[in-house]
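Working notes, structure below.
Each chain gets a letter, A, B and so on, in the order the sequences are listed, and its residues count up from 1.
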Amino acid sequence: MHDMNLFSEIRGLVLDQLGKMVEAGELPEGLDFSNVKVEPPRDPMHGDMATNAAMVLARPAAMKPRDIAARLAERLVADARIAAADVAGPGFLNLRLGVEAWHEVIAAVLTEGKGFGRSNIGGGTRVNVEFVSANPTGPLHVGHTRGAVFGDALSSLLEFAGWDVTREYYINDGGAQVDVLARSVYLRYLEAHGEAVEFPEGTYPGDYLKPLGEELKARVGDAYVGQPEAVWLDEVREFATARMMDLIREDLAALGVRMDVFFSERSLYGTGRIEGALELLREKGLIYEGVLEPPKGKVPEDWEPRVQTLFRSTEFGDDVDRPLKKSDGSWTYFAPDVAYHYDKILRGFEELIDVFGADHGGYVKRMKAAVAALSDGKVPLDIKLIQLVRLFKGGEPFKMSKRAGNFVTLRDVVDRVGPDVTRFVMLTRKNDAPLDFDFDKVLEQSKDNPVFYVQYAHARVSSVMRKARGFGWDVSDQTLAAEDFAPIAHEAEIDVVRKLAEWPRTVEIAARNHEPHRIAFYLYELAAEFHALWNRGNDLADLRFLREGDEAASRPKIALARAVAVVISAGLAILGVKPLEEMR
RNA sequence: GGCCCCGUAGCUCAGGGGAUAGAGCAACCGCCUCCUAAGCGGUAGGUCAUAGGUUCGAAUCCUAUCGGGGCCGCCA
């Protein structure tokens with residue numbers, strides 16, 4: 001199967017011809033072609049594609065860029081796909097493709113269906129995407145929602161581009177916060193027994209723990225009433241974290257996110273795995289007992305120098321060495337994290353991705369240092385920081401009128417606007433830019449709302465397909481793919497096809513950079529091209545997709561519309577959004 | 001004080017070594033006897049925070065400065 005990415009295909013052609021120029025003595029031997037690019041030009045007036053080959057090679061070849069470009073142009077136009085090759089500016093070579101090349105794109109989309117744009121740049125590399133990983137102490141909130149959507153879409157994107165992806169959730173069930181959870185549930189349990197309770201600082205007063213108090217009462221009766229922590233803490237903690245994870249799983253399911261692995265921090269304890277990871281670091285000479293400098297700036301009131309077990313993360317670019325054991329000998333939270341990432345390496349993952357909230361930015365360097373140390377630099381770790389979501393309603397800042405807790409949950413969002421809208425909107429910003437989420441605007445049916453705009457394009461195609469089928473025409477992808485596309489020649493139509501041809505390239509760039517938002521932006525652009533063409537049909541009957549009573553004239557146009565729908569649904573599938581057949 | 005992210009049109013943001021920097025909103029002017037006008041076309045709007053540097057070429061890379069946000073012993 002040949003490469004359906006038209007850009008890499010043409011780049012291949014350029015490289016072939018450059019090679020032939022070397023053979024012919026028109027270029028010196030030993031040139032590095034790796035920086036040669038074939039891209040869409042910034043200004044479409046310049047052509048369909050542009051290559052920088054001549055400019056990149058001019059210096060190493062000791063030739064003038066325009067001379068190289070001119071010779072390359074001669075060779076390229078000999079290819080059937082290239083209609084024109086013009087030297088421009090400082091040495092750009094602008095390529096114009098023949099219409100046949102564009103027609104092949106339509107056929108390819110319809111033949112490959114949602115597989116169009118799928119690639120194997122990942123080469124089956126095993127990648128672990130860890131995301132959400134919220135503490136199991138309550139329901140997921142908006143911030144987690146963005147991280148969940150991002151991680152899931154990134155995972156789908158990587159799968160689509162040929163990676164072997166595992167979606168993973170790290171359950172922080174080993175630290176002090178799950179003890180706090182247990183105590184909070186215990187208070188609800190006492191409450192269920194009719195006691196008046198207060199929630200002191202450092203406990204979770206949220207209503208969501210009430211049912212757990214009741215359930216605990218139903219399970220153990222009054223066995224824990226009036227008993228010291230030692231009696232009930234372990235069991236209540238286990239019960240409570242299990243229930244919280246049920247809750248979190250339900251939240252994720254409501255959003256349409258399914259994890260492959262839930263990894264328990266607690267499962268690392270008492271197994272020697274934390275010790276094992278640290279032992280490996282010790283063997284590498286990266287562990288020592290020492291005292292850290294006090295932090296610069298505002299020093300904590302009670303700061304005093306203490307000896308701790310430290311990891312030489314500074315050898316891997318961190319700012320200070322990081323404690324693994326507290327002065328009392330217990331683990332810091334960093335230690336199990338190190339062991340956890342070591343476990344990922346041992347499980348054979350060749351690439352790791354962590355999706356964190358932006359407030360964990362200070363954690364990035366030490367985690368990368370740990371993974372570099374444990375894998376001898378062989379396993380890359382990319383950490384994506386997810387910026388805040390700012391909630392609005394009708395343009396006004398939105399606050400949940402929730403007693404205690406007072407945070408907006410994933411459920412609040414999904415119940416109001418649905419999972420599809422939530423997901424799409426969450427991906428309309430780069431991960432490291434703050435996101436404004438307006439409960440009213442995201443439901444608005446207008447072009448201000450990108451979700452609607454993209455869905456509307458898909459619905460319009462569906463409408464065309466319904467009508468065509470209503471006429472009794474066979475408009476299956478298979479038969480449409482076999483059409484003669486010669487009537488697809490108008491610039492407005494080719495604009496749409498050009499955008500379709502960019503899809504595989506968009507997937508590759510998005511996957512390589514771990515940037516799923518590029519998919520959302522692409523879909524918006526594709527929808528815009530489609531809507532533009534649709535409207536041209538108002539003036540020019542030739543450009544309409546459907547001409548009642550003229551199946552022959554309609555079929556190639558229907559094929560084009562259908563190709564748009566196929567790519568939109570492929571893109572939406574990566575984002576985890578269901579395409580709509582109609583908007584009503 | 002240190003580290004990280006951000007600074008692009010009036011507003012919200014794309015673009016992250018290439019040619020005259022893009023889109024949406026807001027403003028102004030147009031387009032419905034015709035596949036959903038829930039849409040489309042056009043006009044206007046920019047010293048890409050600032051100053052240096054690297055490069056044939058910088059919004060993009062480097063350094064410094066200014067502005068906004070986040071994090072900053074053993075909390076997770």
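Atom C1' of nucleotide U55(B) and atom CG of N35(A) are separated by 13 Å, given to the nearest angstrom. What separates CG of D550(A) from C1' of C35(B) is a distance of 14 Å, to the nearest Å. Regarding W534(A), its CH2 atom lies at a distance of 5 Å from the C1' atom of C35(B), rounded to whole Å. The interatomic distance linking L388(A) (CG) with C6(B) (P) rounds to 15 Å, in whole Å. Protein atom NE2 of H458(A) is 16 Å distant from nucleotide atom C1' of U36(B), rounded to whole Å. Protein atom NZ of K365(A) is 9 Å distant from nucleotide atom P of C5(B), rounded to whole Å. Residue D539(A) contributes atom CG, which lies 7 Å from atom C1' of C31(B) at whole-angstrom precision. Atom NE2 of H531(A) and atom P of C35(B) are 16 Å apart (whole Å).
The partner of G24(B) is C11(B), judged by Watson-Crick or G-U wobble contacts that both fall below 3.5 Å. Of all nucleotides present, none satisfies the Watson-Crick or G-U wobble test against G57(B) with each distance under 3.5 Å. Using Watson-Crick or G-U wobble geometry with both donor-acceptor distances under 3.5 Å, G1(B) finds its partner in C72(B). Base pairing analysis places G39(B) opposite C31(B); the two distances defining the Watson-Crick or G-U wobble pair are each below 3.5 Å. Look at G67(B): its Watson-Crick or wobble partner, with both distances under 3.5 angstrom, is C6(B). In this structure, G52(B) forms a base pair with C62(B), meeting either the Watson-Crick or the G-U wobble geometry with both donor-acceptor distances under 3.5 Å.
Heavy atoms of S327(A) sit under 4.0 angstrom from at least one base atom. Among the protein residues, R544(A) comes within range of the nucleic acid bases, having at least one heavy atom under 4.0 Å from a base atom. Within the 4.0 angstrom heavy-atom criterion, only backbone atoms of the sugar-phosphate kind lie near D319(A); the bases stay farther away. Residue Y524(A) is classed as a sugar-phosphate contact, given heavy-atom separations below 4.0 Å to backbone atoms only.
The separation of G41(B) from G46(B), taken at their P atoms, amounts to 23 Å, rounded to a whole angstrom. Comparing the same atom, C1', in A14(B) and in U55(B) gives a spacing of 26 Å after rounding to whole Å. Atom P of G39(B) sits at a distance of 41 Å from the matching atom of C62(B), rounded to the whole Å. If you take atom C1' in G15(B) and the same atom in U43(B), they sit 24 Å apart, rounded to whole Å. Between C40(B) and C66(B), the two P atoms lie 45 Å apart (nearest whole Å). Comparing the C1' positions of A27(B) and G67(B) gives a spacing of 29 Å, expressed to the nearest Å. Comparing the C1' positions of A44(B) and C11(B) gives a spacing of 16 Å, expressed to the nearest Å. Using C1' as the reference atom, U8(B) and U47(B) are 12 Å apart when rounded to the nearest Å.
Remark: R390(A) fails to qualify as a cation-pi partner of F437(A) under the 6.0 Å distance and 45° angle criteria applied to the six-membered ring. Seen from the ring of F7(A), R505(A) counts as a face-on cation partner, given the 6.0 Å and 45° thresholds.
V496(A) and E529(A) make their closest contact through CG2-O, 3.5 Å (heavy atoms, listed as atom of the first residue, atom of the second, distance).
Side chain to side chain, D382(A) and H514(A) meet the donor-acceptor criterion of an N or O pair below 3.5 Å.
Donor-acceptor pairing under 3.5 Å, judged by distance alone, is absent between the side chain of R536(A) and the base of C40(B). The base of G70(B) does not come close enough to the side chain of D359(A) for any donor and acceptor atom to sit less than 3.5 Å apart.
Partner of Y170(A) under the ring-ring contact (aromatic ring centres under 6.0 Å, His included) criterion, chosen from Y340(A), F131(A), F262(A): Y340(A). When Y456(A), F452(A), Y524(A) are each tested for a ring-ring contact (aromatic ring centres under 6.0 Å, His included) with H531(A), only one passes: Y456(A).
Of the candidates A37(B), U36(B), C40(B), C40(B) carries the atom nearest the Y453(A) side chain, counting heavy atoms from C-beta on. Of the candidate nucleotides C40(B), C34(B), U36(B), U36(B) has the atom nearest to the side chain of E582(A). With distances taken from any side-chain atom of K326(A) to the nucleotides G39(B), A76(B), C40(B), the minimum falls on A76(B). Side-chain proximity of N535(A) to C40(B), A76(B), U36(B): nearest is C40(B).
Note: F545(A) and F530(A) have parallel aromatic rings, judged against thresholds of 30 and 60 degrees for the angle between ring planes.
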Inset, instruction - Let me have a per-nucleotide readout for nucleotides 9-19 of chain B, 5' to 3', with B, S or -, counting only protein heavy atoms under 4.0 Å. - result: ---SSSSB-BB
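Electrostatic pairing of K393(A) and E396(A) does not count as a salt bridge here, judged by no charged N lying under 4.0 Å from a carboxylate O. With respect to the salt-bridge test (charged N to carboxylate O, under 4.0 angstrom), the residues K430(A) and E515(A) do not qualify. Using a 4.0 Å cut-off between a side-chain N of Lys or Arg and a carboxylate O of Asp or Glu, K557(A) and E483(A) do not qualify as a salt bridge.
With the nearest nucleotide of RNA chain B identified for both N538(A) and Q308(A), N538(A) has the one nearer the 5' end. The residue among A528(A) and H360(A) whose nearest nucleotide of RNA chain B lies closer to the 5′ end is A528(A).
The phosphate of C35(B) has neither OP1 nor OP2 within less than 4.0 Å of any side-chain N or O from S463(A).
Base orientation for C32(B): syn, the chi torsion being within 90° of 0.
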